[in-house]
Every structure is written in structure tokens, then in C-alpha cells.
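To start, the structure under review is shown below, and the notes come after it.
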Amino acid sequence: MKTIKWHDGSPVRVMQIGGVYQSATFLDERRYEPVFSYYRGFDLAFQFCGERARLLMIGGGGFAWPKHVLAGDWDAYCLDVVEIDSAVIRIARKHFYVDEASELRPGTLRCIEGDGRSYVEQYRGVRYDCIVLDAFSGCEPVESLATVEFAREARRVLAAGGAVLANVVSADDGTDISFLRDMAASFSAAFETVYAMPCEDDPLAVEDNYLLVATDADVVPDGAMVFDDEFLGTPLYDAEL
């Protein structure tokens with residue numbers, strides 16, 4: 001961890017792993033607000049939720065979006081966050097205000113140490129309204145969360161009309177979105193509608209962030225990138241990883 005100056009001069013604590021900023025938090029009254037703007041794109045999740053939203057997030061990091069949800073006005077009934085690294089969970093709870101944010105909505109947030117894919121495969125509980133994927137390490141994807149097989153498992157644990165929202169990062173300074181196209185092809189094999197939303201630029205970002213949306217609902221928002229057969233990439237399969 002280290003503290004840096006944000007573009008407005010505010011101190012920001014960052015979690016840096018392998019030379020890459022994995023998460024960040026303001027240290028003042030904005031400590032529940034996301035530092036990186038792409039997190040706000042995940043708010044689209046609530047358009048796929050009923051009155052009492054049940055949410056699953058894979059990839060906790062500094063829990064930036066969960067804090068944002070807990071401090072917001074959304075009717076989040078259940079927010080399960082699966083993070084594979086126990087040390088990351090400890091750091092988030094101690095230095096990124098996760099426990100403090102949890103007190104805003106007692107009983108809503110559940111931190112689960114484990115592998116996100118395994119959690120989905122083994123899950124047999126009440127279905128989620130939305131699954132949020134934020135498991136990139138810099139611009140390196142977790143390919144096991146982008147295969148056709150995983151997309152089908154994700155669809156199985158979703159409620160009717162639910163959605164998967166995935167943060168996908170470009171490569172080569174924003175010029176390479178081949179992984180976005182391949183992941184879109186994988187999820188198109190399991191869901192009726194797949195599109196992407198470009199996220200706002202962040203001052204510290206080298207690459208571009210895209211929000212990939214997969215759902216059986218047929219509403220596509222304005223400004224979305226719609227994947228036709230020509231733009232789709234090559235589906236990923238478990239056997240190829």
C-alpha cells in the first residue's frame with residue numbers, strides 16, 4: 001500500500017500488486033465513493049434487480065464498489081463478495097474502510113474467501129439478480145471466468161432477467177480489445193443479449209475499461225457497443241486454457 005495525491009490534490013490510499021494499482025480509496029469523507037470511475041458502471045446492476053437486490057461480486061480487491069453500494073440508496077438485500085486472496089480481504093477490512101461501511105447496512109455484505117468460479121459452480125442457493133466480475137490483474141484477465149462453460153454456470157445461478165456485468169480491460173494502450181471480443185463470443189453462447197459499455201477515462205489508467213453485459217433481457221441502452229457476428233471474437237472453452 002501507499003498514499004498518492006489524486007488529480008485534485010486529495011490523498012488517496014492505493015493497493016498495489018505486481019506494480020499495478022488494484023484498488024484505491026479516498027481518506028476523507030469520500031471514503032465510500034469509488035476513486036476509479038469504472039466502478040460506477042457497475043451501478044447498472046440495479047436495472048436487472050427486483051425490489052430486494054441479491055448481488056454477487058467476484059473479485060473484491062479493496063471493495064470499492066461494495067462500499068459504494070452500502071453507502072448508497074439502492075435496496076441491496078444481499079451482497080456476496082468472493083475474493084481469492086485472504087491477505088487482500090484483511091487489507092481491505094483494515095485499511096479500506098470495509099468494516100466501517102458494513103455497519104451502514106448490517107447483515108448485507110458477506111466476504112467470502114475462495115475461488116469465484118468454484119463458488120458459482122457449487123452454488124445451490126437463492127438465485128442472484130446480478131453477477132459482477134472484477135477479477136483482472138492490471139490488464140491480465142482471469143480466463144476461467146470468460147469461457148462458454150462459466151457463462152452457462154453463471155446463467156444457471158441468475159434469476160430470470162438477471163445479468164452478468166464484467167469489467168474488461170484493453171491491452172497495448174487501448175488499441176487491443178481482442179479479449180473483450182472473445183469474452184463476448186463466449187457469453188453469447190449462453191445469453192440472448194451481449195453488449196459493452198465504454199467506461200469513463202481515469203487519470204491513472206493506462207488501458208481502457210469496458211463493461212461487458214450479458215443478459216436474456218432484450219433492452220440495450222443508448223451508447224452500447226453491440227456485437228454482431230463480424231465483431232465477435234473466438235469463444236473460449238475450458239479445454240483450451
Side-chain angles (χ1 to χ4, degrees), residues 1 14-25 34-45 55-68 80-89 91-92 96 112-120 130-151 153-154 163-187 194-214 225 227 233-236 238 240-241:
M1 287 188 308
V14 296
M15 182 187 300
Q16 187 172 3
I17 301 175
V20 178
Y21 291 162
Q22 292 296 326
S23 194
T25 184
V35 174
F36 301 134
S37 60
Y38 82 85
Y39 283 115
R40 294 184 179 87
F42 290 146
D43 295 349
L44 183 65
L55 306 164
L56 170 64
M57 185 171 194
I58 296 177
F63 285 65
W65 189 68
K67 288 192 304 179
H68 173 61
D80 291 341
V81 181
V82 182
E83 167 57 51
I84 197 169
D85 192 334
S86 61
V88 169
I89 295 176
I91 291 170
F96 285 76
I112 302 165
E113 180 189 341
D115 177 79
R117 165 119 185 208
S118 296
Y119 177 85
V120 169
C130 195
I131 300 173
V132 174
L133 305 179
D134 190 27
F136 266 73
S137 177
C139 61
E140 292 297 322
V142 178
E143 292 185 333
S144 63
L145 298 177
T147 65
V148 172
E149 290 87 353
F150 174 74
E153 287 292 324
V164 176
L165 275 58
N167 172 42
V168 182
V169 185
S170 67
D172 294 335
D173 298 330
T175 63
D176 183 355
I177 60 169
S178 57
F179 188 78
L180 174 67
R181 296 171 62 194
D182 292 346
M183 189 170 180
S186 296
F187 277 76
V194 177
Y195 58 88
M197 301 292 294
C199 298
E200 296 178 25
D201 292 333
D202 277 307
L204 297 180
V206 176
E207 299 293 348
D208 297 328
N209 290 79
Y210 295 86
L211 185 65
L212 183 71
V213 181
M225 298 168 55
F227 298 92
T234 303
L236 302 171
D238 287 349
E240 300 168 354
L241 302 184

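- Taking both residues in full, the closest heavy atoms of Gly60 and Val81 are given as CA-CG1, 3.6 Å, listed atom of the first, atom of the second, then distance.
- In this structure, Val194 and Phe227 approach most closely via the heavy-atom pair O-CD1, 3.7 Å.
- Looking at residues two or more places apart in sequence or on another chain, you find a side chain to side chain contact (heavy atoms under 4.5 Å, CB included) between Asp43 and Arg40, Trp65, His68, Trp74.
- Residues passing the side chain to side chain contact (heavy atoms under 4.5 Å, CB included) test with Ala146 are Phe179, Met183, Leu236, sequence neighbours excluded.
- Ile91 contributes atom CD1, which lies 11.5 Å from atom CZ of Phe63 (distance to the nearest 0.5 angstrom).
- Summarising the geometry, atom CZ belonging to Phe42 is positioned 9.5 Å from atom SG belonging to Cys130; distances are rounded to the nearest 0.5 Å.
- Of all the heavy atoms in Phe187 and Ala214, the pair that sits closest is CD2-CB, 3.7 Å.
- Taking the side chain to side chain contact (heavy atoms under 4.5 Å, CB included) definition, one finds that Arg117 meets it with Asp115, Glu121, Ser144, Leu145, Thr147, Glu149, Phe150, Asp238, sequence neighbours left out.
- Residues Leu55 and Ala45 share a closest heavy-atom pair of CD2-CB, 4.3 Å.
- Between the OG atom of Ser178 and the CG atom of Asp172 there is a distance of 8.5 Å, given to the nearest 0.5 Å.
- Applying the side chain to side chain donor-acceptor pair (under 3.5 Å) test to Ser186 and every residue at least two apart in sequence or in another chain returns nothing.
- Here the straight-line distance linking atom CE of Met57 with atom CG of Leu133 works out to 9.0 Å at 0.5 Å rounding.
- The minimum heavy-atom distance linking Gly62 with Ala92 is given by the pair CA-CB, 4.1 Å.
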Task: Step-by-step side chain to side chain contact (heavy atoms under 4.5 Å, CB included) determination, Val120 to Ile58 - done: CA-CA 9 Å; Val120 169; Ile58 296 177; 3.8 Å; yes
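- Tested against Met225 for a side chain to side chain contact (heavy atoms under 4.5 Å, CB included), the candidates Val213, Leu212, Leu180 yield a single pass: Leu180.
- In terms of the side chain to side chain contact (heavy atoms under 4.5 Å, CB included) criterion, residue partners of Val88 (sequence neighbours excluded) are, by chain and number, Met15, Ile17, Glu83, Asp85.
- Gly41 approaches Leu165 most closely through the heavy-atom pair O-CD2, 4.3 Å.
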- [ ] Go through the steps to decide whether Asp80 and Ile112 satisfy the test side chain to side chain contact (heavy atoms under 4.5 Å, CB included), and finish with yes or no.
- [x] CA-CA 7 Å; Asp80 291 341; Ile112 302 165; 4.0 Å; yes
TODO: Using the side chain to side chain contact (heavy atoms under 4.5 Å, CB included) rule, take Leu211 and Tyr38 through it: C-alpha gap first, then chi angles, then the decisive distance, then the call.
DONE: CA-CA 8 Å; Leu211 185 65; Tyr38 82 85; over 6 Å; no
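- Looking at residues two or more places apart in sequence or on another chain, you find no salt bridge (charged side-chain N to carboxylate O under 4.0 Å, His left out) involving Asp182.
- We find the CG-OH distance between Asn209 and Tyr39 to be 9.0 Å, quoted to the nearest 0.5 Å.
- Shown here are the ring-ring contact (aromatic ring centres under 6.0 Å, His included) partners of Tyr195, two or more places apart in sequence or in another chain: there are none.
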